[in-house]
There are 2 protein chains.
Amino acid sequence: MEFEPIGVIHTPFQTKEECPMQPMYALGAVGKVEVFEPYASGLRDVELFSHVYLLYHFDRSGEVKMFRPPFLDDLPHGVFATRHPCRPNGIGMSIVQVLKRENNVVEVAGIDVLDGTPLLDIKPYMPRFDKIDDASEGWLSEKPPRPKPAGRE
Amino acid sequence: MEFEPIGVIHTPFQTKEECPMQPMYALGAVGKVEVFEPYASGLRDVELFSHVYLLYHFDRSGEVKMFRPPFLDDLPHGVFATRHPCRPNGIGMSIVQVLKRENNVVEVAGIDVLDGTPLLDIKPYMPRFDKIDDASEGWLSEKPPRPKPAGRE
C-alpha cells in the first residue's frame with residue numbers, strides 16, 4: 001500500500017548521534033510539526049490535547065534485521081519486541097507534548113526524531129485508552145533507565 | 001512510500017457494526033495476530049510484554065474528511081484530533097493485551113479491528129515511555145465514557 005507524507009517534522013537533530021532515543025530523553029527538545037496545506041484543516045482542536053502521537057517514516061534508518069540488541073539492552077530481542085528504527089515498514093511513533101498550534105504548524109516538546117522526518121499521521125493521546133496502568137516492562141523490567149551514550153545505534 | 005503487510009489480524013468482527021471502537025470496549029474480544037514467515041523471527045520476546053501496539057491498515061474505511069464528529073462527540077473535530085479510521089494515510093493503532101505467542105501467531109485480548117485487517121507493525125508498550133500520567137483528555141474531558149451504539153460511524 002502506498003502512503004504519502006502529510007507533513008514534515010522540523011527538529012534540532014541533524015544526525016542520529018544528536019538525536020534522543022525516546023521523548024523521555026528529549027524533554028527539552030522543541031520541534032515544529034508542519035502539516036501540508038491540504039490536510040491543515042484536520043488539525044482543528046489538536047491543541048486541546050496535552051499530548052499527541054506522531055507517526056512518521058524512519059526515512060534514514062539502516063539495515064532491517066529481525067533481531068538485534070536494542071539501545072536499552074545488550075541482549076538481542078526480536079525487532080517487534082523493540083522500538084528500533086530499522087524494522088519492516090519503517091513507521092516510527094513518538095508521544096510528544098503539544099505546546100501550541102499556529103495554523104498548520106504544531107509546536108511540540110519532547111521530540112526525538114531527525115530534522116526533516118516525513119509525517120504520516122497525528123493521533124491524540126487519550127488517557128482512557130492509552131494509559132495502561134498495569135502494563136509490564138517486558139525485558140526492560142530489570143533495566144534501569146540509562147542516559148543515551150554518545151554513539152548509540 | 002510503499003509499505004507491505006507483515007501479517008494479518010484475525011478477529012471475531014466481520015462488519016463495522018460488530019467492531020468495538022477502542023480496545024477498552026473490547027476487553028473480552030480475543031484475536032490472533034498472524035505474522036508472515038519472513039518476519040516471524042522478529043517476534044522473539046514479544047510475549048514478555050503484557051501489552052503491545054498494533055499498527056495496521058484501515059483497509060475498509062470510508063471517505064476521508066478533514067473534520068467530522070467522532071464517535072465520542074456530537075461536535076466536529078479535526079481528523080488529527082480524533083482516532084477516526086477515515087483519515088489521510090489510514091494507519092490504525094490499538095493497544096492490546098498479549099495472552100500468548102505460538103511461533104508466528106500472537107494471541108491478544110482487547111482487539112478492536114475487523115477480521116482480516118493487514119498488519120503493518122507491532123511495537124511493545126513500554127510504560128516508561130508510553131504511560132503519560134499528566135496527559136489531558138482534550139475535547140474528551142467533559143465526555144463520560146459511553147457504550148458503543150449499535151450503528152456507530
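Throughout, protein chains are lettered first and strands after them, A, B, ... in sequence-line order, and every chain is numbered starting at 1.
- With respect to chain A, the highest number of heavy-atom pairs below 4.5 Å among B/Val46, B/Asp130, B/Val64, B/Leu43 belongs to B/Asp130.
- Distance NZ/B/Lys32 to NZ/B/Lys100: 6.5 Å, rounded to 0.5 Å.
- Interface summary for chain B: among A/Ile6, A/Leu120, A/Asp134, the most heavy-atom pairs under 4.5 angstrom belong to A/Leu120.
- In this structure, the portions of A/Pro5 lying under 4.5 Å from any heavy atom of chain B include both its backbone and its side chain.
- Every side chain to side chain contact (heavy atoms under 4.5 Å, CB included) that B/Asp133 has, sequence neighbours left out, goes to A/Lys131, B/Lys131.
- The greatest number of non-hydrogen atom pairs below 4.5 Å with chain B, out of A/Glu47, A/Arg87, A/Met126, is found for A/Arg87.
- Counting heavy-atom pairs closer than 4.5 Å to chain B, the top-ranked of the candidates A/Asn89, A/Leu48, A/Ile122 is A/Asn89.
- Heavy atoms closer than 4.5 Å to chain B are found in the side chain of A/Phe67, but not in its backbone.
- For the options A/Tyr39, A/Tyr53, A/Phe80, heavy-atom pairs under 4.5 Å to chain B are most numerous at A/Phe80.
- Taking the side chain as every heavy atom from C-beta outward, B/His57 and B/Thr117 never approach each other to under 4.5 Å.
- Interface residue B/Pro38: only backbone heavy atoms are found under 4.5 Å from chain A.
- No more than 12 heavy atoms of other residues, nucleotides or ligands shown are found within 6.0 angstrom of CD on A/Glu102.
- Between B/His77 and B/Trp139, the angle of the ring planes stays under 30°, which puts this pair in the parallel group of the 30/60° scheme.
- Most heavy-atom pairs under 4.5 Å with chain B, from the set A/Ser41, A/Gly78, A/Ala40, A/Gly42: that is A/Gly42.
- Nearest heavy atoms, B/Ala135 versus A/Ser50: CA-OG, 3.2 Å.
- Here the closest non-hydrogen pair linking B/Lys123 and A/Arg83 is CB-CD, 3.9 Å.
- With a threshold of 4.5 angstrom between heavy atoms, B/Ile132 approaches chain A through its backbone and through its side chain.
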